[in-house]
Amino acid sequence: MKRLFSIAAGLLAWGAAAETEPAGYVFSFFRGNGEAGVYLAVSQDALNWREANNGRPVLAPQVGGKLTRDPSVCRGPDGQYHMVWTSSWSDKGFGVAHSQDLLRWSEQTFVPVNADEPGAKNTWAPEIFYDEAAGRYVVIWSTTIEGRFPETLANGDHNHRVYSATTKDFKAWTPKRLFYDGGFNVIDAFLFKAGGRYGLVVKDETKRPSPEKNLHVVWSEGGALGPWGKAGPAFTDNRESWAEGPAVIRAGGRWLIYFDKYNTKRYAAVETRDFVTFAEVPVSLPEGIRHGTIVAVDAATLRGLTAPIAPSGSSADLGK
C-alpha cells in the first residue's frame, strides 16, 4: 500500500512539473444569496486575493430564478471562458455564459437539465470541466429526486446525488445521467485532473443521526465520467467547522483545495501534494466570499482584470 501511494505521489509531482505555471489566478464567487451577481478576485500566488472590477459584480443574474450562486468557470481549448451557476434554490436547470476576458459576458442561457424530472427538487452547485480526452465539456451538479435512494432518505433535509450532462458547443446537451453515488447524501462535487487521474472532491451532506458535513476525495477508475471508487477519509474536521463548496487548483507545484467553513462564516484552504495528507495554509480573501471556483489565467487576462476601472456606464460595466 505504501508503494502504491509513493507511485501516485510521483505521478502527481510529474504532472505538476510538466505544466507551465500561469500568470495568475481568478476566483469567481458570490455574496449573500447570489442576488447581486458574480464577483471576481485575482491573485498571483493563489493564496492572497484582491477584488477585481472595483468590487463590482461582472455578471448580473438574468435567467431562471435570477440568482448567481456557486459560479464555476473553466477555460476551453479556444481560450474562451465558460461559466455555469445555480440560478435558484429550486430551478430545474442552471445558468451558462461565456467570455473572452472574464469581464464582458455573453447573453445568458438556461439549461433545463432536470425539466424531464417531475420529482427533481433542485439543481445545485453546477461545476464545469473540460474533458480534453473526449473534446467535450462536462457539467456536474447535485439534485434531490423524490423517491430515489430511500436508504439515505432520513439522513438529511434533502437526499442528493450527483448528476452530469455533457456538451461540445453549449447548444446540444446529452441527457442527464447519474454521475456519482457514494452511498450517502452528497453535494458540491468538484471534478479535477491530477497526474493523468480524474478526481472528485465531494461533501458528505449527511445530517442525521449525527452530522458528517466533511469533504472527501474520490478517484475515477476510468475517465472523466467515472466509474468512481470509494470515497477516501475526510480531510476536514466537522468538530471544528462544517465544510462545503470545494475548489481545487494546482499552484506552485502543489494542490490547493479551498472550501467554505460555512457554519463558522470563514473560508479556508488546505494544501496537498498527494491527496493523502493535507495541511491548512493561511489565505487572504475578500470579505463575504462564498462558494466559488478558481481558474488559472494568462498574462493578458490578468492585465485586463487589474487595469484601471473604466468609468461607470462604459462597456465594461456588468459585461455589457
Side-chain angles (χ1 to χ4, degrees), residues 1 4-20 70 72-84 94 96 111 113-114 123-143 149 160-184 186-204 215-233 235 246-250 255-257 272-276 293-296:
M1 183 61 72
L4 288 175
F5 282 147
S6 175
I7 293 171
L11 288 171
L12 291 171
W14 179 88
E19 297 178 19
T20 302
D70 320 317
S72 171
V73 178
C74 83
R75 196 173 196 183
D78 60 354
Q80 191 171 34
Y81 297 95
H82 308 281
M83 179 163 61
V84 297
F94 52 80
V96 178
V111 184
V113 288
N114 277 319
T123 310
W124 282 1
E127 297 286 350
I128 186 167
F129 174 83
Y130 182 68
D131 180 6
E132 185 176 358
R136 63 190 173 190
Y137 296 90
V138 180
V139 177
I140 62 176
W141 68 90
S142 298
T143 288
F149 309 104
H160 294 94
R161 294 301 188 272
V162 180
Y163 296 83
S164 70
T166 68
T167 183
K168 293 189 175 184
D169 58 7
F170 294 95
K171 296 177 182 178
W173 292 80
T174 60
K176 75 172 184 303
R177 65 184 287 270
L178 181 63
F179 183 79
Y180 173 73
D181 173 19
F184 53 88
V186 58
I187 64 170
D188 294 358
F190 187 96
L191 177 60
F192 66 97
K193 187 178 182 182
R197 304 172 70 198
Y198 297 91
L200 284 178
V201 177
V202 299
K203 178 193 179 182
D204 187 340
L215 301 178
H216 304 256
V217 178
V218 187
W219 293 104
S220 173
E221 297 172 350
L225 300 184
W228 299 96
K230 184 178 179 181
F235 63 86
V248 182
I249 188 72
R250 188 190 69 82
W255 294 85
L256 298 172
I257 306 176
T272 183
R273 294 179 184 274
D274 56 10
F275 291 94
V276 177
T293 56
I294 302 167
V295 62

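Since we're looking at a predicted model, the values are computed, not measured.
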Under a 4.5 Å cut-off applied to non-hydrogen side-chain atoms, are [X] and [Y] in contact?
X    : Y    : value
W255 : V248 : yes
V218 : K230 : no
L191 : E127 : no
W124 : D188 : no
F149 : L178 : yes

Should the ring pair [X] and [Y] be called parallel, tilted or perpendicular, given that the plane angle runs from 0 to 90° and is split at 30 and 60?
X    : Y    : value
W141 : F94  : tilted
F179 : W228 : tilted
H216 : F184 : tilted

Run the ring-centre check on Y198 versus W219 and record whether the distance is less than 6.0 Å.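 Judged by ring-centre distance (under 6.0 Å), Y198 and W219 do not meet the cut-off.
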Minimum heavy-atom separation for G229 to Y180, with atom names?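 In this case the closest contact between G229 and Y180 is O-CE1, 4.3 Å.
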Minimum-distance pair of heavy atoms, taken over all atoms of R75 and V295: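 Reported closest heavy-atom pair: N-CG2, 4.4 Å.
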Quick one: pull up [atom1] in [X] and [atom2] in [Y] and give me the separation to the nearest 0.5 Å.
X    : Y    : atom1 : atom2 : value
E221 : R197 : CD    : CZ    : 10.0 Å
T293 : D70  : OG1   : CG    : 9.5 Å
T167 : H82  : OG1   : NE2   : 10.0 Å

Taking only residues two or more places apart in sequence or in another chain, which ones pass side-chain contact (heavy atoms from CB on, under 4.5 Å) with [X]?
X    : value
E132 : Y130
A172 : D169
A189 : I140, V162, L200, V202

Any chance you could lay out the side-chain contact (heavy atoms from CB on, under 4.5 Å) test for C74 and Y137, step after step, and finish with the verdict? CA-CA 9 Å; C74 83; Y137 296 90; 3.9 Å; yes
Counting only N and O atoms by type, is there a donor-acceptor contact under 3.5 Å from the side chain of S72 to the main-chain atoms of V84?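 Side chain of S72 to backbone of V84, a donor-acceptor pair under 3.5 Å: no, none is there.
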S220 side chain vs G199 backbone, donor-acceptor pair below 3.5 Å: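 Judged by distance alone, no pair lies under 3.5 Å.
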Can you check side-chain contact (heavy atoms from CB on, under 4.5 Å) on R161 and V186, steps first, answer last? CA-CA 6 Å; R161 294 301 188 272; V186 58; 4.3 Å; yes
Just do the side-chain contact (heavy atoms from CB on, under 4.5 Å) check on V113 and Y163 with the steps written out, would you? CA-CA 10 Å; V113 288; Y163 296 83; over 6 Å; no
Out of K176, R136, R177, which residue meets the side chain to side chain contact (heavy atoms under 4.5 Å, CB included) rule with T166?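 Going through the options one by one, the only one that passes is R136.
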Evaluation steps, side-chain contact (heavy atoms from CB on, under 4.5 Å), between F275 and I257: CA-CA 10 Å; F275 291 94; I257 306 176; 4.1 Å; yes
